[in-house]
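Working notes, beginning with the structure itself.
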Amino acid sequence: MRLINFVYSFVVKKFYGRFNGKLFPLVAIPGSYIALFYLLLKKKKNQVVILPTSALGDTLYILSFWENLYKLSNQADTQLVFYLSDRYKRIVETYNPPIDGIVYLKHLGMKHVLLLMLSACLYHSKSVEIARRRNIFGVIPRIHKRWLKKNSFIGTRNQLAHILNMPLDPISYHQLPQVNISAIKDFEYLRNKICVINPYSYSMSYSVSLYERICEKLKLLGYIVYTNVVGEQREINGSIPLRCGIEELYSIACEIPLVVSVRSGVVDFLIPSNTSMFVIYEKWKDVNSIKLDVEGDERPYSLMEWRPKGHVYEAYMEKENDDDKILDEFDKYLKKWNLDV
């Protein structure tokens, strides 16, 4: 059994690769049809099936429709089947009222990965179209790009609303309770002077040199700077490594004046903390991701869709080596909201 688990984990790591691996497209097409065949055999006529994702941000976007999903699950002629990764079970359980029909899958287990291949199959649209016609919906909007191109739906929640045929409002947020802070010494005493930098993302490139300059500026202003790190990630030079669980990170954000981050699912997760955030958009690693060059000031992954209560600013790296532009915007942001302590 251990050998089987080891081999399976190795295959998943190589072929799945968090949607960025070169081998994943080779198995995603047949895998999406296997998942579709399984669901068509299992699915009842009155069921609406929502497929899982693996990423925190994508999961939070679909959970933002919780109240409308709850209404759907309580319609007499409809049964909701909502597949979710068990990695996010603790977060999901904070949404109210509870929804019947939630099915938790072992994160990156065999069933989870197969359903992911249909939920995120960018490489063959036919399986996605067949699934949609039978009320089986992926939660990553860009897999529906051929359908969405016919319209002008800008913004992830806006796209999901049209995919699911649901209203945009109300927006549902997670309600994780705050926990005790143990990762930062003397946190209660120092919290008003702490800034957390979150420079790493699986889906977006990041400039370490830019965050080093931001860290230097923050320290000159009197901040104690921490870098949120996991695994083998290294803290930004001049900062202190912050290693903690996601619930503790959220609790820290609830109490500090500022978070500086690359655009990632972490910032979606931190929105209910109401902290101020300066968020930097660089280049997407996945060439199939939605481009940022849309009309006007609207951006497809803008945090403004969440209607944040904190002072959130989004800075866009228009070209390589654009650090000076971002730093100039950062200076103006700090001064505007009196964050240059």
Less than 4.5 Å apart, side chain to side chain, heavy atoms only: is that true for [X] and [Y]?
| X | Y | value |
| --- | --- | --- |
| S264 | N198 | yes |
| L105 | M110 | no |
| Y313 | K336 | no |
| L258 | I194 | no |
| L303 | D268 | yes |
| S239 | I197 | no |
| V260 | M277 | no |
| F65 | S172 | no |

Within the side chain of [X], is there an N or O that forms a donor-acceptor pair under 3.5 Å with the backbone of [Y]?
| X | Y | answer |
| --- | --- | --- |
| T94 | I91 | yes |
| S119 | P52 | yes |
| K89 | E93 | no |
| K43 | R134 | yes |
| Y316 | I326 | no |
| E282 | V262 | no |
| N68 | D169 | yes |
| D58 | T53 | no |

Specify the closest pair of heavy atoms between [X] and [Y], including all atoms of both residues, with the distance to one decimal.
| X | Y | value |
| --- | --- | --- |
| Q178 | S251 | CA-OG, 3.2 Å |
| S54 | L116 | N-CD2, 3.6 Å |
| D324 | R213 | OD1-NH2, 3.0 Å |
| T227 | R234 | CG2-O, 4.4 Å |
| N228 | P199 | O-CD, 4.2 Å |
| R243 | G231 | NH1-O, 3.0 Å |

> Would you call the rings of W337 and H311 parallel, tilted or perpendicular if under 30° counts as parallel and over 60° as perpendicular?
Replying inline: parallel
>> Test side chain to side chain contact (heavy atoms under 4.5 Å, CB included) on K106 and K111; report intermediate values, then the result.
In response: CA-CA 8 Å; K106 178 177 172 55; K111 188 173 180 180; over 6 Å; no
>> What verdict does the salt bridge (Lys or Arg N to Asp or Glu O under 4.0 Å) test give for K71 and E67, after you've listed the backbone C-alpha separation in whole Å, the side-chain angles of each residue and the deciding distance to 0.1 Å?
In response: CA-CA 6 Å; K71 292 176 184 177; E67 290 189 43; 5.7 Å; no
For [X], does the [atom1] atom sit with more than 12 other heavy atoms under 6.0 Å from it, leaving out its own atoms?
| X | atom1 | answer |
| --- | --- | --- |
| K309 | NZ | no |
| D100 | CG | no |
| E216 | CD | no |

Atom pairs and distances, side-chain donor-acceptor, residues 179-191, under 3.5 Å, sequence neighbours left out:
| unit_1 | atom_1 | unit_2 | atom_2 | d |
| --- | --- | --- | --- | --- |
| E188 | OE1 | R191 | NH1 | 3.2 |
| R191 | NH1 | E255 | OE1 | 2.8 |

What about [X] and [Y], same hydrophobic cluster or not, with Ile/Leu/Val/Met/Phe/Trp/Tyr joined at side-chain heavy-atom distances under 4.5 Å?
| X | Y | answer |
| --- | --- | --- |
| Y38 | L40 | yes |
| L69 | L168 | no |
| M117 | F37 | no |
| L108 | V230 | no |

> Does the pair V48 and V81 meet the rule for a side chain to side chain contact (heavy atoms under 4.5 Å, CB included), with working shown?
Replying inline: CA-CA 6 Å; V48 173; V81 182; over 6 Å; no
> Which residue pairs pass the ring-ring contact (aromatic ring centres under 6.0 Å, His included) test with at least one member in residues 70-92, sequence neighbours excluded?
Replying inline: none
> Under the salt bridge (Lys or Arg N to Asp or Glu O under 4.0 Å) criterion, do D331 and K335 qualify, and how do the steps go?
Replying inline: CA-CA 6 Å; D331 279 337; K335 291 175 182 177; 5.9 Å; no
Do [X] and [Y] meet the criterion of a side-chain donor-acceptor pair at a distance under 3.5 Å?
| X | Y | answer |
| --- | --- | --- |
| S209 | S207 | yes |
| R263 | S201 | no |
| Q175 | Y95 | no |

>> Is there a side chain to side chain contact (heavy atoms under 4.5 Å, CB included) between T275 and I252? Walk through the geometry before answering.
In response: CA-CA 10 Å; T275 191; I252 290 169; over 6 Å; no
>> Set out, in order, the CA-CA distance, both residues' side-chain angles and the distance that settles ring-ring contact (aromatic ring centres under 6.0 Å, His included) for F269 and H174, then state yes or no.
In response: CA-CA 8 Å; F269 175 71; H174 73 77; 4.7 Å; yes
> Would the Y61 and W306 ring centres measure less than 6.0 Å apart?
Replying inline: yes
> In Å, rounded to the nearest 0.5 Å, how long is the span from CG of N135 to NZ of K45?
Replying inline: 11.0 Å
